[in-house]
Protein chains: 2
Amino acid sequence: MRRCNDAPKRHNLIDPSLFTLLFRRWDRHSALSKEEREAFSALPFVRKTLPKDAYLVEEGRPTSECTLLLQGFAYRHKLVHDGARQIISIHIPGEFIDLQHLMLATADHNVQTLSKTEIASVPAAALRDIGARYPALQRAIWLDLLIDASIFREWVVNVGRRDARTRIAHLLCELALRLDASGTDTSPTYEFPLTQDQLADATGLTPVHTNRTLQSLRKDGLIALSSSRLTVLDWDALRDAGDFSERYLHHAVRHPGRS
Amino acid sequence: MRRCNDAPKRHNLIDPSLFTLLFRRWDRHSALSKEEREAFSALPFVRKTLPKDAYLVEEGRPTSECTLLLQGFAYRHKLVHDGARQIISIHIPGEFIDLQHLMLATADHNVQTLSKTEIASVPAAALRDIGARYPALQRAIWLDLLIDASIFREWVVNVGRRDARTRIAHLLCELALRLDASGTDTSPTYEFPLTQDQLADATGLTPVHTNRTLQSLRKDGLIALSSSRLTVLDWDALRDAGDFSERYLHHAVRHPGRS
DNA sequence: CGGAAAATTGAGTACTCTCAACCAGCGTGG
DNA sequence: CCACGCTGGTTGAGAGTACTCAATTTTCCG
């Protein structure tokens with residue numbers, strides 16, 4: 001809408017279908033009109049291709065943009081004093097990786113690509129503006145943030161109070177379910193972008209112990225995992241092993257009265 | 001603004017000075033006008049006194065209200081399959097404990113009081129409405145949520161990649177700094193509402209090990225801790241011991257352009 | 001085909017846990 | 001006023017999950 005015909009300089013870099021994954025995900029919790037989608041698509045996104053291991057966000061840096069993952073995976077992490085790394089979340093295609101930059105002026109963690117990725121960045125101010133104009137978009141953005149926060153809470157529980165096997169199974173369940181929901185992959189086989197070292201850093205374990213624990217999950221017939229592909233062989237068993245309950249993902253939120 | 005003069009039925013239960021702590025905290029990141037404070041104070045808050053251990057939020061329950069802690073402490077937690085508990089955050093006077101209810105329809109965790117508390121609850125819809133009308137209030141609310149999320153991230157790191165001594169020291173640093181900032185307590189002695197069992201559940205340790213670790217911190221002259229009072233005897237040493245860096249608390253956020 | 005990254009295996013270690021008993025503070029009641 | 005009982009804190013000893021170090025094999029990719 002509104003004059004998008006005459007000024008295609010920046011956003012003609014963007015194929016509208018690129019937002020398919022995002023919109024599909026948002027549809028689960030926020031009904032968006034055609035007008036809202038178009039307004040969103042008309043934002044001054046800048047598209048980029050990044051190699052594996054590239055930094056998307058760096059701790060301590062001032063923030064000004066929000067970045068949407070179009071293709072590929074990314075992970076959020078922090079380093080502790082002795083150089084160890086804790087991965088805080090994994091991000092899949094169709095997710096914003098740093099919506100907190102809407103209001104927080106300084107990055108408090110790092111985000112790196114797990115694989116070659118395509119991203120689309122937009123100034124945080126532009127996102128704030130469009131949110132102010134379209135309440136449904138505002139709602140979708142904030143819901144994403146709240147669900148992220150809910151996942152962080154579950155991760156605190158996961159690394160805080162579960163043993164190695166349960167932790168890893170839980171993480172696999174979460175990733176499988178999120179990939180399913182986003183429609184990027186179909187059950188029961190998923191792209192799995194983490195090395196065992198990274199899986200260890202996500203679960204607070206050592207790589208060696210992670211390796212042995214994965215073998216145990218394989219031996220018990222719960223999963224197959226090799227060459228970046230995860231197959232869930234027995235969902236119920238994996239779910240049990242991971243003490244997994246999907247409530248925290250809020251995949252089906254009830255709409256509170258818009259207001 | 002609009003007729004708040006004629007309907008004081010509910011909010012005359014609230015003494016405006018009760019929001020002092022909240023407003024003082026919000027002042028750090030969101031400048032609020034007199035009008036905005038008054039509009040906020042005029043919301044239909046309901047005030048209540050709760051005993052120790054009372055549930056403020058219960059996992060699985062539908063949500064409809066947001067609750068502000070006026071006095072006393074509360075903790076957020078989840079239970080895992082084998083009955084173990086992980087505490088996810090501690091909340092101090094002047095903080096909202098469940099702003100995520102603005103949009104999430106079902107509680108994904110529990111919140112319980114740590115001590116006798118006074119709270120003020122307000123319908124989530126009323127908070128959403130006032131946020132839509134007053135951007136500065138909206139901003140303050142969302143910043144609180146984003147800072148909460150940042151704290152969750154740091155907790156993932158804390159329980160995931162730090163040893164017992166560092167974990168506990170880190171948590172003590174965080175609490176001391178937050179209490180300082182909120183003005184509820186003055187350095188170097190703070191009210192400390194957690195039992196060792198709860199401290200263990202917050203750090204992912206066992207009570208026994210927590211006890212021994214605390215003794216080590218005491219022996220080394222970093223802290224004094226007894227009968228619900230924490231004294232930081234050597235801030236620099238405690239900070240070092242806890243691998244603590246306060247950036248994630250975002251106590252001084254730069255204002256992004258209001259929009 | 002070669003080199004680097006990732007995965008796997010082995011053996012010894014240690015941080016943290018478990019179990020269990022004991023102590024201390026404190027509010028209640030006889 | 002002191003006994004009682006409960007909650008919270010402390011101590012001891014033994015066990016185990018997960019860690020460390022180091023070597024080896026496999027996979028990936030140019």
Side-chain angles (χ1 to χ4, degrees), chain A residues 51-53 73 75 80 82-87 112-116 158-172 191-219 223-230 241 243, chain B residues 51-53 73 75 80 82-87 112-116 158-169 171-172 191-219 223-230 241:
Chain A
K52 191 171 151 177
D53 295 329
F73 292 76
Y75 67 110
V80 296
D82 63 8
R85 175 179 64 175
Q86 175 66 41
I87 293 180
Q112 266 181 285
T113 56
L114 277 167
S115 47
K116 190 181 168 198
N158 204 40
V159 295
R161 277 288 182 241
R162 296 196 177 108
D163 64 21
R165 185 184 165 93
T166 316
R167 273 186 229 184
I168 289 181
H170 190 280
L171 188 147
L172 299 182
E191 186 175 350
F192 189 81
L194 296 171
T195 66
Q196 290 185 5
D197 275 36
Q198 290 161 339
L199 188 50
D201 283 340
T203 49
L205 300 167
T206 53
V208 172
H209 199 56
T210 300
N211 178 283
R212 297 194 224 266
T213 306
L214 281 175
Q215 289 179 48
S216 139
L217 291 173
R218 279 194 280 246
K219 179 177 60 62
I223 59 164
L225 175 58
S226 63
S227 54
S228 303
R229 302 210 59 81
L230 165 70
D243 184 28
Chain B
K52 190 172 152 176
D53 296 329
F73 292 77
Y75 68 110
V80 296
D82 65 8
R85 174 179 63 173
Q86 176 67 41
I87 293 181
Q112 265 181 286
T113 56
L114 278 167
S115 47
K116 190 179 169 200
N158 204 40
V159 296
R161 277 290 182 239
R162 296 197 177 108
D163 64 19
R165 184 184 166 93
T166 316
R167 272 185 228 185
I168 289 181
L171 187 147
L172 298 183
E191 187 175 350
F192 189 81
L194 297 171
T195 66
Q196 290 187 3
D197 275 35
Q198 290 161 338
L199 188 50
D201 284 340
T203 49
L205 300 167
T206 53
V208 172
H209 200 57
T210 299
N211 178 285
R212 296 195 225 263
T213 306
L214 281 175
Q215 289 180 47
S216 138
L217 291 174
R218 279 193 279 245
K219 179 175 60 63
I223 59 164
L225 175 58
S226 64
S227 55
S228 303
R229 305 212 55 85
L230 165 69

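Every chain is numbered from 1 and lettered A, B, ... according to where its sequence line falls, protein lines coming before strand lines. Because only heavy atoms are used, hydrogens play no part in the values below, and waters and symmetry mates are left out as well, while side chains stay in. These numbers were taken from a predicted model, which means no experiment stands behind them.
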Next item on the list: Please identify each residue that fulfils side chain to side chain donor-acceptor pair (under 3.5 Å) with B:T195, with sequence neighbours left out.
Entry: B:Q198
Margin query: So, using side chain to side chain donor-acceptor pair (under 3.5 Å) as the criterion, who are the partners of B:D197 when residues are at least two apart?
Written below: none
Rounded to the nearest Å, what distance is computed from the [atom1] atom of residue [X] to the [atom2] atom of nucleotide [N]?
X: B:F192; N: D:dG8; atom1: CZ; atom2: P; value: 14 Å
X: A:D53; N: D:dC29; atom1: CG; atom2: P; value: 13 Å
X: A:D197; N: D:dC28; atom1: CG; atom2: P; value: 16 Å
X: B:L114; N: D:dG8; atom1: CG; atom2: P; value: 11 Å
X: A:L199; N: C:dA6; atom1: CG; atom2: C1'; value: 13 Å
X: A:Q198; N: C:dA6; atom1: CD; atom2: P; value: 7 Å

Checklist line | Closest approach of A:A200 to A:T210 (non-hydrogen atoms, all atoms of both residues) | finding: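 It is CB-OG1, 3.2 Å.
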Next item on the list: Compare every heavy atom of B:R165 with every heavy atom of B:T213, then report the nearest pair and how far apart it is.
Entry: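 That closest heavy-atom pairing would be CG2-CA, 3.4 Å.
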Checklist line | Bend angle of the helix from C:dC1-D:dG30 to C:dG30-D:dC1, from helix axes over five pairs at each end, nearest 10° | finding: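 The end-segment axes of the helix from C:dC1-D:dG30 to C:dG30-D:dC1 are tilted 40° relative to each other.
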Notebook entry, point to check: Under 4.5 Å between any side-chain heavy atoms of B:Q86 and B:D201, yes or no?
Noted result: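 No - every pair of side-chain heavy atoms lies 4.5 Å or more apart.
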Check: Going through the distances and angles, do B:R161 and A:D82 end up as a salt bridge (charged side-chain N to carboxylate O under 4.0 Å, His left out)?
Finding: CA-CA 10 Å; B:R161 277 290 182 239; A:D82 63 8; over 6 Å; no
Margin query: For B:D53, give me all partners under side-chain contact (heavy atoms from CB on, under 4.5 Å), at least two apart in sequence or on another chain.
Written below: B:Q112
Next item on the list: Name all residues meeting the side-chain contact (heavy atoms from CB on, under 4.5 Å) criterion together with A:N211; count only those two or more places apart in sequence or in a different chain, and write none if there are none.
Entry: A:Q196, A:Q215
Every protein N/O lying under 3.5 Å from an N/O of nucleotides 8-18 of chain C:
unit_1	atom_1	unit_2	atom_2	d
C:dT8	OP1	A:R218	NH2	3.1
C:dT8	OP2	A:Q196	NE2	2.5
C:dT8	OP2	A:N211	ND2	2.7
C:dT8	OP2	A:R218	NH2	3.1
C:dT8	O5'	A:N211	ND2	3.2
C:dT9	OP2	A:Q215	OE1	2.4
C:dT9	OP2	A:Q215	NE2	2.9
C:dG10	N7	A:R212	NH1	3.3
C:dG10	N7	A:R212	NH2	3.3
C:dG10	O6	A:R212	NH2	3.1
C:dA11	N6	A:R212	NH2	3.1
C:dT16	OP1	B:A164	N	3.0
C:dT16	OP2	B:H209	NE2	3.3
C:dC17	OP1	B:T206	N	3.4
C:dC17	OP2	B:T206	N	3.1
C:dC17	OP2	B:T206	OG1	2.9

